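Below is one structure, written out as structure tokens; the observations come after it.
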Amino acid sequence: MELSTVTTCTGFHHNLTRSKALSFPLIPSVSTTSSCQRTSAAAAAAAATTSLVNEPCNDDSQPATTTRRRPKGGAVDAQRRQSKSYMSRKAAILEVQQSPHLDSALQRLGGMLKVQDLNIILRNFGEQCRWQDLSQLFDWMQRHNKISASSYSSYIKFMGTSLNPAKALEIYHSIPDESKKTNVFICNSLLRCLVRNTKFDSSMKFFHKMKNNGLTPDAITYSTELNYNGLQMDSIMYGTLLAVCASNNRCEEAQSYFNQMKDEGHSPNIFHYSSLLNAYSSDGNYKKAEELVQDMKSSGLVPNKVILTTLLKVYVRGGLFEKSRDLLVELDTLGFAKNEMPYCLLMDGLAKNGLLDEARSVFNEMKEKRVKSGGYSYSIMISSFCRGGLFEEAKELAEEFEAKYDKYDVVILNTILCAYCRTGEKESVMRTMRKMDELAISPDYNTFHILIKYFCKEKLYMLAYQTMEDMHRKGHQPMEELCSSLILHLGKIKAHAEAFSVYSMLKSSKRTMSKAFHEDILHILIAGRLLKDAYVVVKDNAELISPAAIKKFASSFVKLGDINLINDVMKVIHGSGYKIDQELFLMAVSRYIAEPEKKDLLIQLLQWMPGQGYVVDSSTRNLILKNSHLFGRQLIAEILSKQHMTSKALKAQ
DNA sequence: CTAGGGTTAG
């Protein structure tokens, strides 16, 4: 019955893919390829890639001097001499690195070492986190004037990793050579150090908990470019730092850098004010924001479009919609509201505070004024309508957007896709997916999420499953709720292996998993007779599974599972605290009697039992005795008598 | 060369 859904689903799947030769990476490969075939193909591809990648590595592992350059004639001698000096320096490098008394080692060997040799040692100390030695060596290098730009760069970099930005700044300011101060490597190192150190929760600053937000490359790029131009290093670097803090909601750090730069005698420019203002927007701190704008005005700077728009953002985030509206009017009068940005800020804020009607009227007002839109406002309104449950209106707006504009990115496509999915416009959903494919816009986490939810709603569970597989392959981690509902549906349509695959995807991701999850998949695996997988689930999560489910699993496994694993299963469930009952022992014994060539396993089971406090009951005992010729009468008699003694001892207690 | 906007979430 329920399998008909799968057929429908495959049909739809065909419809979906037939229209074009598809590069759309989201659409699962045609149903003739089973998931496991695809997996092995992927594995083969991966293996091929690996071997390609590894080959040059093998070459590299050969001794470089013998296979690489082979100088001819007189060059050989020169190289030999060079090598000789290099060899002795190399030995000295090692000795300094390994010496327990760094100072005396430097006194003895420092003289023969070149700056680049000392840099090697410096980097070695840094990589080994030998901060004490690192500072000591750097000190020595400074004092003996054996120092290069590369030394500064490395040292500052390691001050970043050892979470000492203050020291890094101190060193940077102590550089005597002006040209070194604008050296691109040194500046990048310093910036990296500072940026890294702003990623710490301000309250936890001294506890050094790293957070990753991927902003470093931008900062490095900025710093690289600005160094080539050699302009106003400090001021601009502070600008970058403030921007980084602001966009990471690091209000306090932004504040402290702002103060620090003032302390150092730099007067903040409009960029610095703007970034700090933006930092205040994250918690809607309008009091501080207004103070800052006042401060800025009294320093002689006139608020420009960016400042006023950012202030609007502060008001919106603070939920001050009266002030926001007034400011928008002001922006408009000043000619600063010619594009949609300030309207977007307000609309989004209104809608997210449940004021959908007001958001709509701002949107209409904006359209009446013929304000230029790049599609952002549509994106905001369509998703707001979806959030508010106004799916028809969302769909109409999506259609309006498609009719009016021809500019797409992954966000607007996700937004309209969501609108069409919520209203169940199958044709429009497919058209949007095709559009994504044609425009070579690759689906992201949200695209997958929207589609999987849609396929589930349409009861196209296999399609939902294939989409989730794709999602997983692309490295996105699906949400637990989505996985759990899909797993239950796959179980119901008897797609047991697929359900288990979804379970495995979630398990391999870093997401948390609710306790009930393991038991849910266990029931599905038992129903699908996938008992080996069920065994793995039980083995790994026995303490999270109820005794009732363990019992169900155990009796299924002992009855129908791999006979070679029955004893292992017994040990695992016993080990988890489950008390094995007589029924289960009887079942196991019956399996072994039916397959006498597994007699060793029966013997092992019977020998294992007394140690765990188990003995067979009389009916199982009789069954064994009746068949003892299959197993060796003598041995059986011995084992059973031992069990009998254990039983007596247990009763006596 | 440093500043401001949107997509999920039952």
Side-chain angles (χ1 to χ4, degrees), chain A residues 182 187 191 218-219 221-247 254 257-258 261 266 268-281 296 301 303-314 316-317 331 336-337 339-349 351-352 359 363 373-387 389 394 398 401 408-419 421-422 443-454 456-457 476 478-482 484-485:
Chain A
T182 52
C187 287
L191 207 49
D218 254 353
T221 312
Y222 288 138
S223 127
T224 306
E225 287 165 13
L226 64 90
N227 268 292
Y228 280 125
N229 291 301
L231 290 162
Q232 302 172 25
M233 276 303 306
D234 289 347
S235 182
I236 291 176
M237 245 169 45
Y238 273 117
T240 307
L241 284 171
L242 287 170
V244 168
C245 292
S247 44
Y257 280 118
F258 191 80
M261 78 174 274
H266 302 287
N269 64 20
I270 200 140
F271 294 99
H272 302 117
Y273 277 107
S274 158
S275 286
L276 186 55
L277 198 58
N278 189 31
Y280 290 146
S281 74
M296 186 188 135
L301 293 166
N304 63 5
K305 188 170 97 169
V306 174
I307 292 287
L308 292 178
T309 311
T310 309
L311 184 60
L312 177 68
K313 189 175 153 189
V314 178
V316 168
R317 293 283 152 87
L331 276 159
F336 292 161
N339 71 35
E340 63 185 334
M341 195 197 285
Y343 296 92
C344 286
L345 284 169
L346 183 54
M347 276 164 16
D348 190 47
K352 281 184 176 153
F363 182 57
S373 167
Y376 288 116
S377 51
Y378 279 86
S379 178
I380 291 168
M381 287 314 295
I382 294 167
S383 55
S384 298
F385 286 141
C386 283
R387 250 198 321 269
F401 176 84
Y408 294 92
D409 63 8
V410 70
V411 176
I412 189 70
L413 280 166
N414 282 347
T415 310
I416 63 178
L417 189 65
C418 185
C421 285
R422 300 306 286 261
D444 67 1
Y445 171 85
N446 292 306
T447 321
F448 287 115
H449 199 274
I450 293 163
L451 281 172
I452 294 168
K453 251 178 77 179
Y454 170 67
C456 283
K457 194 183 76 181
H476 302 292
M479 294 248 309
E480 189 191 346
E481 290 78 12
L482 200 59
S484 95
S485 97

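Convention: sequence-line order gives letters A, B, ...; per-chain numbering from 1. A quick note: this is a predicted structure, and the numbers were derived from the prediction, not measured.
- Not counting sequence neighbours, A:F336 has no partner by the ring-ring contact (aromatic ring centres under 6.0 Å, His included) test.
- Judged as a side chain to side chain contact (heavy atoms under 4.5 Å, CB included), and not counting sequence neighbours, the contacts of A:Y376 are A:E340, A:C344.
- For A:E480, the side-chain hydrogen bond (donor to acceptor under 3.5 Å, both in side chains) test picks out A:S514, with sequence neighbours left out.
- In this entry the distance linking NE2 of A:H266 with C1' of B:dT2 reads 13 Å, nearest Å.
- The base of B:dA3 sits with one of its N or O atoms less than 3.5 Å from a complementary donor or acceptor on the side chain of A:N304.
- Per the geometry, NE2 belonging to A:H272 stands 10 Å off P belonging to B:dA3, to the nearest Å.
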Inset, instruction - Classify every nucleotide of nucleotides 4-10 of chain B by which part a protein heavy atom approaches to under 4.0 Å, writing B for the base, S for the sugar-phosphate alone and - for neither, in 5'-to-3' order. - result: BBBBBS-
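- Every side-chain hydrogen bond (donor to acceptor under 3.5 Å, both in side chains) that A:N414 has, sequence neighbours left out, goes to A:D444, A:T447.
- A search for ring-ring contact (aromatic ring centres under 6.0 Å, His included) contacts involving A:Y408 returns A:F401, not counting sequence neighbours.
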